[in-house]
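Whatever order the structure lists them in is the order used to number ligands and atoms, beginning at 1.
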Amino acid sequence: MNIKVLSLFPEILEAYFSASIMKRAVAKGLVSYELINIRDFAYDRHRKCDDEVFGGGAGMLMKPEPLDRALESVGAPGVRTIFVTPSGRLLNQAMAEDFAHEDKLVVLCGRYEGIDQRIIDTRVTDVVSIGDYILSSGEVAAMVLIDVVYRLIPGVISGESLAEESFSSGLLEYPQYTRPEEYATMHVPEVLVGGNHAAIARWRLKASLIKTLAYRPELLNTIDLTGELGRLLKEVIDEGGENEPRTANSGRTGEK
Ligand code: ADE
């Protein structure tokens, strides 16, 4: 996937593309990227990229001309062009999976109060918010969006890891433990060290339900709760499922 990011502060993104899993994905040729400074497309003496808002109001807006030229240079809107803004469609895993199928992605970062609407109308294909809160820069939102998407490209992360993550089943991921088996008097749930794979799978499913019910109960409305899952959910509720999940040493899942 080729990712082009348009920003007034491309240096914020450089470190992100040069480290860790992203660095490896770039080295393997799974991702290529280009960071484009919108200011390079502002041709006036002061390379001005912002101006006051028509109709009044606080703050400045990004001007259309530099944005238009910058987006034209990357082929937008002929390629999937995402503008990150708090006033967009809320990002979720399904949207990320959709974006991950693209060969090319353009991500536009806003600053100040946002950008001139005419640019959104003519050059942007997707208007995306990463959450119901306001960040001081679109660059942070762009990094979140890119991170959610690129790790779904085959070869970036192992398929097994992806399959086991939160949301892949519609539930939050179950709690996990590593050595030592006893830490600060807390024991790893016995079932996890017993080697009974069916019992471990059942424990994990139930622990996922406990966690989902406590932290994100609305997710349960989107999954099929007939059969084993529904039966386990009833068990969880009967055992006081709305409480904070604390599984270590607690026997909360009812399995030994
Ligand atoms: N820019 C500022 N806040 C944002 C948010 N929540 N999502 C996307 N872009 C943003």
Side-chain angles (χ1 to χ4, degrees), residues 1-17 19 21-22 31 33-42 48-68 70-71 74 76-77 79-102 104-153 165-167 172 215-216 218-219 222:
M1 175 187 283
N2 176 260
I3 304 171
K4 291 188 170 71
V5 190
L6 280 67
S7 158
L8 284 172
F9 298 92
E11 62 274 21
I12 296 176
L13 291 130
E14 187 56 58
Y16 169 71
F17 278 97
I21 301 170
M22 177 58 97
V31 172
Y33 70 98
E34 206 179 319
L35 304 177
I36 294 155
N37 193 333
I38 296 163
R39 206 171 294 282
D40 291 344
F41 295 85
K48 190 173 159 67
C49 287
D50 62 328
D51 212 329
E52 290 163 0
V53 184
F54 275 122
M60 304 286 267
L61 215 57
M62 286 172 76
K63 286 168 66 57
E65 307 92 318
L67 283 171
D68 209 24
L71 284 162
V74 295
V79 285
R80 201 87 186 255
T81 301
I82 305 165
F83 172 48
V84 282
T85 167
S87 59
R89 187 171 287 131
L90 204 56
L91 179 65
N92 61 28
Q93 198 65 23
M95 278 163 79
E97 276 158 22
D98 181 35
F99 292 140
H101 289 122
E102 302 288 340
K104 294 179 180 178
L105 222 53
V106 171
V107 183
L108 172 61
C109 307
R111 277 265 160 175
Y112 318 116
E113 289 304 302
I115 72 174
D116 189 287
Q117 181 63 34
R118 289 166 291 187
I119 296 302
I120 299 173
D121 294 345
T122 54
R123 298 268 186 208
V124 169
T125 60
D126 300 83
V127 182
V128 175
S129 166
I130 65 153
D132 289 338
Y133 40 77
I134 311 292
L135 302 162
S136 56
S137 88
E139 284 75 15
V140 175
M143 281 190 274
V144 171
L145 173 96
I146 293 164
D147 202 90
V148 171
V149 171
Y150 93 96
R151 62 195 299 287
L152 298 173
I153 298 169
E165 286 175 349
S166 285
F167 304 118
L172 299 187
Y215 295 154
R216 299 289 306 279
E218 78 282 5
L219 291 178
T222 63

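- Y16 is linked by a ring-ring contact (aromatic ring centres under 6.0 Å, His included) to nothing, counting only residues two or more places apart in sequence or in another chain.
- For ligand 1, the 4.0 Å heavy-atom shell contains residues V84, T85, P86, V128, S129, I130, G131, Y133, I134, L135, A141.
- For S87 (side chain) and T85 (main-chain N/O), no donor-acceptor pair under 3.5 Å exists by modelled atom type.
- In this structure, CG in L105 is found 6.5 Å from CD in E102, a value given to the nearest 0.5 Å.
- With a 4.5 Å cut-off on side-chain heavy atoms, I119 and L71 count as touching.
- T122 places a side-chain N or O within donor-acceptor distance of the main-chain N or O of R118, the cut-off being under 3.5 Å.
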**OP:** I would like to know whether I115 and L108 meet side chain to side chain contact (heavy atoms under 4.5 Å, CB included); could you show each step before the answer?
**Re:** CA-CA 10 Å; I115 72 174; L108 172 61; 3.7 Å; yes

